[in-house]
Amino acid sequence: MLVDSHCHLNFPELVQNMDQVLDTMRSNEVGHALCVSVTLDKFPEVLAIAEQHPNIYASVGVHPDYEDIQEPTVEELVRLANHPRVVAIGETGLDYFRLTGDLEWQRHRFRTHIRAAKATGKPLIIHTRNAAEDTLRLMQEEGAAEVGGVMHCFTESWEVAQAAIEMGFYISFSGIVTFKNAQSLKDVAQKVPLDKILVETDSPYLAPIPFRGKTNQPAYVRHVAEEVARLRDVPLQQFMETTTANFFKLFKHAQPCKSLS
Ligand SMILES: [Zn+2]
Ligand SMILES: [Zn+2]
């Protein structure tokens with residue numbers, strides 16, 4: 001069985017079709033999914049989904065693309081993360097692509113998340129876009145290696161992947177790796193050690209081929225897995241087993257749902 005290590009099930013496109021989304025996961029051998037928070041005001045929705053479904057986990061955090069919203073404090077994140085269904089802190093990080101200008105507030109918010117992750121012992125889900133250098137620098141300065149985590153929806157170079165792996169981070173590939181114009185990312189997917197790889201959908205966005213342009217859903221992580229397994233020339237079964245084991249090793253607060261095996 002596979003795990004979708006990053007999705008947004010509480011977004012309207014998915015939450016309105018939850019039964020069908022869960023059925024499709026099952027029929028594609030996708031056993032578990034991690035539903036990732038992007039703002040504090042939507043966190044209760046994310047947590048409710050994880051409380052209702054034993055194979056769905058939650059994270060708590062505030063995405064770097066949301067500027068004018070309630071700013072989290074370390075204390076607030078620690079308090080909200082103190083729940084058995086919350087297995088990670090994020091998504092957090094830096095995004096210099098979507099937003100420009102003085103982004104000191106993004107760096108401050110990112111540091112807050114790293115401190116909360118260290119305080120809770122729950123790993124980080126890191127989003128980085130056009131900001132790899134600062135992302136790695138802040139991870140260093142704040143000692144993110146102490147808690148580890150995942151570089152989600154990875155689109156950076158092999159050098160960036162290596163630097164993150166050295167800090168105890170996993171590299172998660174999304175549907176982008178299936179796109180024909182993503183040759184440099186395909187090269188990275190061949191190089192990352194298998195025991196450091198996760199797969200994700202980031203649904204409802206970024207549907208993999210053959211669903212590109214449509215609404216994405218956790219079941220489609222199967223197509224991401226098939227492509228990375230093909231690129232590495234490993235049997236799909238072995239790839240599924242290893243990446244699932246990687247997920248539960250990293251997110252150690254996530255208990256596998258017994259009724260699935
Ligand atoms: Zn993201
Ligand atoms: Zn996301």
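Atoms within each ligand, like the ligands themselves, are counted from 1 in listed order.
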Among Ile89, Leu77, Val60, find the residue that satisfies the side-chain contact (heavy atoms from CB on, under 4.5 Å) test when tested with Pro72.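 The side-chain contact (heavy atoms from CB on, under 4.5 Å) with Pro72 is passed solely by Leu77 among Ile89, Leu77, Val60.
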
Distance check below 2.8 Å: does [X] bring an N, O or S atom to the Zn ion (ligand 1)?
X: Glu91; result: yes
X: His152; result: yes
X: His6; result: no

The Zn ion (ligand 2) to nearest N/O/S of Cys7 less than 2.8 Å: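 No, since none of the N, O or S atoms of Cys7 sits under 2.8 Å from the Zn ion (ligand 2).
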
Can you tell me how the ring of Phe173 sits relative to the ring of Phe154, calling it parallel under 30°, perpendicular over 60° and tilted otherwise?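 Taking Phe154 first and then Phe173, their aromatic rings stand perpendicular (interplane angle over 60°).
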
Do Asp134 and Arg137 pass the salt bridge (charged side-chain N to carboxylate O under 4.0 Å, His left out) test, and can you show the C-alpha distance, the side-chain angles, and the key distance before you say yes or no? CA-CA 5 Å; Asp134 277 6; Arg137 178 173 61 81; 3.5 Å; yes

Check the hydrophobic clustering (I, L, V, M, F, W, Y; side-chain heavy atoms under 4.5 Å; chains of links allowed) and say if Phe43 and Ile125 are grouped together.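 Result: no, two separate clusters.
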
Among the N/O/S atoms of Asp202, which is closest to the Zn ion (ligand 2)? Give the atom name.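 For Asp202, the N/O/S atom sitting closest to the Zn ion (ligand 2) is OD1.
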
Measuring from the Zn ion (ligand 1), name the closest N, O or S atom belonging to His127.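 It is ND1, the N, O or S atom of His127 closest to the Zn ion (ligand 1).
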
After noting the C-alpha distance and the side-chain angles of His6 and Thr201, does the key distance pass the side chain to side chain contact (heavy atoms under 4.5 Å, CB included) rule? CA-CA 6 Å; His6 189 116; Thr201 58; over 6 Å; no

